[in-house]
Amino acid sequence: MTAYRYDYEVITQWIEPGEKVLDLGCGDGDLLKHLMQVRQVQGYGVENDPDKLLASVKNGVNVIQMDLEKGLVGLEDGFFDHVIMSLSLQAMHNTQGILHEMLRVGREAVVSFPNFGYWRHRQSILNGRMPVSESLPHQWFNTPNVRFFTIADFDALCEMNGIAVRERLAFDEGKLMLDEPNFLASVAVYRLGRNG
């Protein structure tokens, strides 16, 4: 498992052994491979990039090539226990649509994302530059990110869309931030469900 992906450990704790898990934007399948080994999940990945798709297959992950911007067409309502989108939500144009789809096909959704409200990111902007950090590693001109949002923004989006926040953890360089996470945390990890 990649050292800087401490969100993997949080996600692992939220997944029960033997669950059906769908990982959206699964990349090389590293997270699913980890979950299959330590939680014996029935894991499936979704990836659109052909090179990453091949890497997932080489990692022993069942993967489907699909454009997430078009939703999760063909996937059955409530089929999965958990649908995960790890550090990819900020790269989605249709943010609300994919959250709706995640909770349509899964009992719960797990998302992690870089917090644009992090104090070091704010400092970069005050210094006149777009932030580049461990959680936002690309320059402004080559970033795959299309959305830059904060923990407070995401909380408001969940409330506006009737999404239940079942648990939220926020981190700075792997350290849990309990106080002022919107200011002090570089990454947030959420466990989401349907209201009602």
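Just so you know, these numbers use all the heavy atoms, side chains as well, and skip hydrogens, waters and symmetry mates. Everything numeric in this text was worked out from a predicted model, so none of it was measured.
- Thr12 is listed as a side-chain neighbour of His34, based on a closest heavy-atom distance under 4.5 Å.
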**OP:** May I have the step-by-step check of side-chain contact (heavy atoms from CB on, under 4.5 Å) for Phe80 and Arg107, ending in yes or no?
**Re:** CA-CA 6 Å; Phe80 295 95; Arg107 182 176 45 82; over 6 Å; no
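- Glu16 is not listed as a side-chain neighbour of His82, based on a closest heavy-atom distance of 4.5 Å or more.
- With hydrogens and angles ignored, the 3.5 Å screen pairs a side-chain donor or acceptor of Asn115 with a backbone N or O of Ile151.
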Original post:
Does the pair Arg120 and Asp172 meet the rule for a salt bridge (charged side-chain N to carboxylate O under 4.0 Å, His left out), with working shown?
Top reply: CA-CA 10 Å; Arg120 290 181 194 269; Asp172 180 22; 5.0 Å; no
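- Hydrophobic cluster membership of Phe183, counting Ile, Leu, Val, Met, Phe, Trp and Tyr whose side-chain heavy atoms lie under 4.5 Å apart directly or via other members: Tyr118, Trp119, Met177, Leu184.
- Distance CD1/Ile64 to CD/Glu47: 12.0 Å, rounded to 0.5 Å.
- Within a 6.0 Å radius of CD in Gln65, more than 12 heavy atoms belonging to other residues, nucleotides or ligands are found.
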Subject >> Stepwise side-chain contact (heavy atoms from CB on, under 4.5 Å) check, Asp155 with Arg168 >> reply: CA-CA 10 Å; Asp155 286 342; Arg168 178 190 76 194; 2.7 Å; yes
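- Pairing each heavy atom of Arg147 with each of Met92, the nearest pair is CG-O, 3.4 Å.
- Taking each heavy atom of Val189 and Ser112 in turn, the nearest pair found is CG2-CB, 3.9 Å.
- Using modelled atom types, one side-chain atom of Asn94 and one backbone atom of Gly97 make a donor-acceptor pair closer than 3.5 Å.
- Distance check: Leu68 CG to His93 NE2 gives 12.0 Å after rounding to the nearest 0.5 Å.
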Subject >> Pair Thr150-Asp153, side chain to side chain donor-acceptor pair (under 3.5 Å): steps then yes or no >> reply: CA-CA 5 Å; Thr150 69; Asp153 290 328; 3.1 Å; yes
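- Using a cutoff of 4.0 Å between basic side-chain nitrogens and carboxylate oxygens, Glu108 and Arg166 are scored as salt-bridged.
- Scanning all heavy atoms of the two residues, the minimum distance from Arg104 to Glu76 falls at NH1-C, 4.2 Å.
- Atom CZ of Arg122 has more than 12 neighbouring heavy atoms from other residues, nucleotides or ligands inside a 6.0 Å radius.
- In this structure, Asp49 contributes its side chain and Asp51 its backbone to a donor-acceptor pair below 3.5 Å.
- Considering only heavy atoms from C-beta on, Met102 comes within 4.5 Å of Val111 through its side chain.
- The neighbour count for Glu69 CD, taken as heavy atoms of other residues, nucleotides or ligands under 6.0 Å away, is above 12.
- Between Met66 and Leu72, some side-chain heavy-atom pair lies under the 4.5 Å cut-off.
- In the hydrophobic cluster analysis, where Ile, Leu, Val, Met, Phe, Trp and Tyr join through side-chain heavy atoms closer than 4.5 angstrom, Val110 is grouped together with Phe171.
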**OP:** Decide yes or no on side-chain contact (heavy atoms from CB on, under 4.5 Å) for Ile84 and Leu24, but give the supporting numbers first.
**Re:** CA-CA 6 Å; Ile84 300 167; Leu24 304 180; over 6 Å; no
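- The existence of a salt bridge linking Asp28 and Lys33 is excluded, since no basic side-chain nitrogen approaches an acidic carboxylate oxygen closer than 4.0 Å.
- The backbone N or O of Leu103 sits less than 3.5 Å from a side-chain atom of Arg194, completing a donor-acceptor pair.
- Taking every heavy atom of both residues into account, Gly27 and Ser56 meet most closely at O-OG, 2.7 Å.
- At a threshold of 4.5 Å between non-hydrogen side-chain atoms, the residues Val46 and Cys26 do not count as touching.
- Side-chain atoms of Asn182 come within 3.5 Å of backbone N or O of Ala152 as a donor-acceptor pair.
- For the pair Asn59/Val57, no side-chain contact is recorded, criterion being any heavy-atom separation below 4.5 Å from C-beta on.
- Put simply, CG on Leu32 and CG on Asn62 are 9.0 Å apart, with the number rounded to the nearest 0.5 Å.
- By the neighbour-count criterion of 12 heavy atoms within 6.0 Å, atom CG of Asn127 is densely surrounded, having more than that number from other residues, nucleotides or ligands.
- A single hydrophobic cluster is not seen to contain both Phe148 and Leu89; linkage of ILVMFWY side chains at heavy-atom distances under 4.5 Å, directly or through other members, places them apart.
- Between Tyr190 and Phe113, the two ring planes are parallel [angle under 30°; tilted spans 30° to 60°].
- Here the side chains of Arg39 and Glu19 are not in contact, with every heavy-atom distance at 4.5 Å or above.
- The same ILVMFWY cluster, assembled from side-chain heavy atoms under 4.5 Å apart, contains both Tyr8 and Val41.
- Distance check, rounded to the nearest 0.5 Å: CG of Leu99 to SG of Cys158 gives 6.5 Å.
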**OP:** Could you check Val21 against Gln42 for side-chain contact (heavy atoms from CB on, under 4.5 Å), going step by step and ending with a plain yes or no?
**Re:** CA-CA 6 Å; Val21 175; Gln42 297 174 50; over 6 Å; no
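- Under a hydrophobic-cluster definition in which Ile, Leu, Val, Met, Phe, Trp and Tyr are linked whenever side-chain heavy atoms come within less than 4.5 Å, directly or via other members, Phe154 and Val10 are assigned to different clusters.
- In this structure, CG in Asn161 is found 4.5 Å from CD in Gln96, a value given to the nearest 0.5 Å.
- Nearest heavy-atom pair across Asn195 and Ala164 is OD1-CB, 3.2 Å.
- Annotation: cation-pi geometry not satisfied between Lys20 and Tyr44 (NZ/CZ under 6.0 angstrom from ring centroid, within 45° of ring axis).
- The line from CE of Met130 to CD of Gln139 is 10.0 Å long, rounded to the nearest 0.5 Å.
- Contact record, Asp7 with Ser86: OD2-OG, 2.7 Å, taken as the closest heavy-atom pair.
- Residues Ile15 and Val165 do not share a hydrophobic cluster, clusters being chains of Ile/Leu/Val/Met/Phe/Trp/Tyr side chains in contact below 4.5 Å.
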